[in-house]
Asker: 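Have a look at the structure that comes next, please.
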Amino acid sequence: MDAKRDPYSTWISETMLQQTRVDTVLGHYARWMQSFPTVFLLAAAPEQIVLSHWQGLGYYARARNLHQAAQIIVQEHGGKFPPEHKRLTALPGIGPYTAGAILSLAFHQPEPALDGNLIRVFSRLQNWEGLPQESAHWKSLYWNLATRFAEQSPPNLINEALMEFGALVCTPKKPDCAHCPIGDHCQALRLDLVHLRPPLRKTRAPLDVRGNILILHYQDKLLVERGTTGLLAKQWRLPMGSTAEDLIRALELNLSDIRKCGLVKHSITHHRMQLQVVFAKTQSDVLPPDPDENFQRQWIPLDRWQETLVNSLAAKAIRKWS
DNA sequence: AAGCCGGGGTC
DNA sequence: GACCCAGGCTT
């Protein structure tokens, strides 16, 4: 990742990189900066346009938070990023890591930015058997060490170098210890425990989910819905249900041309989903009223579904049908 | 402190 | 198929 290090570019790239690999981010980042080159243009853009630029990256709250934070930065900070940890973390989507990254990389302040790379490097360097997520004790040890590094000069290069070192040399699997520039200082290497550092985190048991996903046409329109909780919350998505009958009954519509057109496998966090794709048509676009703002339905133009339906599950299902 | 939230690339 | 990844938010 070779992003410019002004505050806005740093904010966008570091947010995209949260839990997301560099190769996945590159294309999205270029397109984003093309469409929203400044915080002002991001703030002024419609939310759905912003979300469509996030298609395929996952964790869509990140895109909504970027949009909201941009509006706050424009309205309350005159379009300038506040160069203070407390005021940065007050913005939606900016936590301790991203605040530290912006402050050190863009503002050259001696602030720590502890990410997954640094955690791995430190765990090996110090042969620490704990993780910062585990307890306040480990948390302070990791952040204090990150702070000591950041207080070296210049902080932007120190933090950048630590992250690059973790990404290129001190990698999760097969770290290149033979050519490690700081191998002489590595406690885990000295004790031959590199393969045990950092310790494995306990994995969530996967949850098998079986059900149906509906592609419903009314003339040249497609039915979508959204809720405010659970998977793909606040995102427009295709209707899903445990059985096709449930799905159809909830709509209170007469359907025709019903046919099954394939099975979609898709994982969302620890949910392993296998969904039967059900295609149908209806002659009426009158939907049952939305129970409240927490659940909505709408018809969207079929040929422009990608503007609204921003998630990979829907894309997979529609690919099965077409 | 722990659980939750996407998706794709590895091995 | 399991695991991992430049986290943050909610409970």
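Every chain is numbered from 1 and lettered A, B, ... according to where its sequence line falls, protein lines coming before strand lines. Quick note: numbers below take in every heavy atom, side chains included, and nothing from hydrogens, waters or symmetry partners.
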Asker: Does anyone know the first and last nucleotide of DNA chain B in reach of chain A, 5' to 3', at under 4.0 angstrom to a heavy atom?
Answerer: B:dA1 to B:dG8

Asker: Students often get this wrong, so: under 4.0 angstrom with heavy atoms, is A:D23 touching a base, only sugar-phosphate, or nothing?
Answerer: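 Counting heavy atoms under 4.0 Å across all strands, no contact is made by A:D23.
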
Asker: Spell out, as yes or no, whether a donor-acceptor pair under 3.5 Å connects the side chain of A:H28 to the backbone of A:Q55.
Answerer: yes

Asker: Starting at atom OH of A:Y60, determine the distance to atom C1' of C:dC9, rounded to an integer number of angstrom.
Answerer: 18 Å

Asker: A:M16 CE to C:dG8 P: how many Å, rounded?
Answerer: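 Distance check: A:M16 CE to C:dG8 P gives 16 Å.
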
Asker: Given 3.5 Å as the limit, does a donor-acceptor pair link the side chain of A:K316 with the main chain of A:K265, or not?
Answerer: yes

Asker: Round to the nearest Å and state the distance from A:Q68 atom CD to C:dC9 atom P.
Answerer: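 Taking CD of A:Q68 and P of C:dC9, I get 11 Å after rounding.
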
Asker: Could you say whether A:A99 or A:R204 is positioned toward the 5' end of DNA chain C, judged by the nucleotide with the nearest heavy atom to each?
Answerer: A:R204

Asker: Can you check whether A:T98 has a side-chain N or O nearer than 4.0 Å to OP1 or OP2 of C:dG8?
Answerer: yes

Asker: Classify the ring geometry between A:W32 and A:W54 as parallel (under 30°), tilted (30 to 60°) or perpendicular (over 60°).
Answerer: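 It falls in the perpendicular class, over 60°.
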
Asker: Start with the C-alpha gap between A:L223 and A:L287, add the side-chain angles, then the distance that decides, and say whether side chain to side chain contact (heavy atoms under 4.5 Å, CB included) holds.
Answerer: CA-CA 10 Å; A:L223 182 67; A:L287 296 167; 3.6 Å; yes

Asker: So does A:E307 pair up with A:R304, basic N to acidic O under 4.0 Å?
Answerer: yes

Asker: Is it the case that atom NE2 in A:H137 sees more than 12 heavy atoms from other parts of the structure closer than 6.0 Å?
Answerer: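 Counting neighbours around NE2 of A:H137, more than 12 heavy atoms of other residues, nucleotides or ligands fall under 6.0 Å, so yes.
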
Asker: Check A:E47 with A:R64, please: is the shortest side-chain N to carboxylate O separation under 4.0 Å?
Answerer: no

Asker: Specify the separation, in whole Å, of atom CG of A:L91 and atom C1' of C:dC9.
Answerer: 15 Å

Asker: Could you pick out which residue, A:G230 or A:R21, lies toward the 5' side of DNA chain B when each is mapped onto its nearest nucleotide?
Answerer: A:G230

Asker: Remember a base hit wins even if backbone is also touched, and classify A:T20 as base, sugar-phosphate or nothing at under 4.0 Å, heavy atoms.
Answerer: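 Touches a base.
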
Asker: Checking all strands, does A:A101 fall into the base, sugar-phosphate, or nothing category for heavy-atom contacts under 4.0 angstrom?
Answerer: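 The answer is nothing, as A:A101 stays clear of every strand by at least 4.0 Å.
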
Asker: In whole Å, I'd like the distance from the CG atom of A:L168 to the C1' atom of C:dA6.
Answerer: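 Going from CG in A:L168 over to C1' in C:dA6 covers 12 Å.
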
Asker: Starting from the 5' end of DNA chain B, give me the residue, A:Q133 or A:S267, whose nearest nucleotide shows up first.
Answerer: A:Q133

Asker: When the nearest nucleotide of DNA chain C is assigned to A:Y97 and to A:K173 on a heavy-atom basis, which residue is associated with the more 5' position?
Answerer: A:K173

Asker: Taking any heavy-atom pair under 4.0 Å as a contact, classify A:R272: base, sugar-phosphate, or nothing.
Answerer: sugar-phosphate

Asker: Applying a 4.0 Å non-hydrogen cut-off, can you work out what A:G58 is touching in the nucleic acid: base, sugar-phosphate, or nothing?
Answerer: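 Here A:G58 touches the bases of the nucleic acid.
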
Asker: By the 4.0 Å heavy-atom rule, please label A:T15 as base, sugar-phosphate, or nothing.
Answerer: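 Nothing, no heavy atom under 4.0 Å.
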
Asker: Expressed in whole Å, how much space separates the C1' atoms belonging to B:dG9 and C:dG8?
Answerer: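 Their C1' atoms lie roughly 23 Å apart.
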
Asker: Which whole number of Å gives the distance between the C1' atom of C:dA6 and that of B:dG3?
Answerer: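 Rounded to whole Å, the distance is 22 Å.
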
Asker: Would you say A:Q18 places a side-chain N or O within less than 4.0 Å of OP1 or OP2 belonging to C:dA6?
Answerer: no

Asker: Between A:L17 (CG) and C:dG7 (P), how many Å, whole number?
Answerer: 8 Å

Asker: Measure the distance from CD1 on A:I102 to C1' on C:dG7 and round it to the nearest whole Å.
Answerer: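 Rounded to the whole Å, the gap is 13 Å.
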
Asker: Provide, to the nearest angstrom, the distance between the CD atom belonging to A:E164 and the P atom belonging to C:dC5.
Answerer: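 About 15 Å, once rounded to whole Å.
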
Asker: Thinking salt bridges, do A:R5 and A:E14 make one under a 4.0 Å N-O criterion?
Answerer: yes

Asker: Please work out if A:H271 contacts a base, only the sugar-phosphate, or nothing of the nucleic acid, heavy-atom cut-off 4.0 Å.
Answerer: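 Sugar-phosphate, backbone atoms only, no base.
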
Asker: Relative to the ring of A:F122, is the ring of A:W128 parallel (under 30°), tilted (30 to 60°) or perpendicular (over 60°)?
Answerer: perpendicular

Asker: Are A:L66 and A:V50 packed together at the side-chain level, in the sense that at least one heavy-atom pair is separated by less than 4.5 angstrom?
Answerer: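 Heavy-atom side-chain distance check fails, nothing below 4.5 Å.
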
Asker: Please report the distance separating the P of B:dG6 from the corresponding atom of C:dT11, rounded so that it comes out in whole Å.
Answerer: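 Per the computed distance, 15 Å lies between those P atoms.
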
Asker: Residues from residues 117-129 of chain A sitting under 4.0 Å of DNA chain C, heavy atoms only?
Answerer: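 Of all residues in residues 117-129 of chain A, the ones placing a heavy atom under 4.0 Å from DNA chain C are A:N117, A:R120.
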
Asker: Heavy atoms only, 4.0 Å cut-off, all strands: where does A:I268 land among base, sugar-phosphate and nothing?
Answerer: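 A:I268: backbone/sugar contact only, no base atoms under 4.0 Å.
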
Asker: Using 30° and 60° as the class boundaries, would you call the ring planes of A:Y218 and A:W299 parallel, tilted or perpendicular?
Answerer: tilted

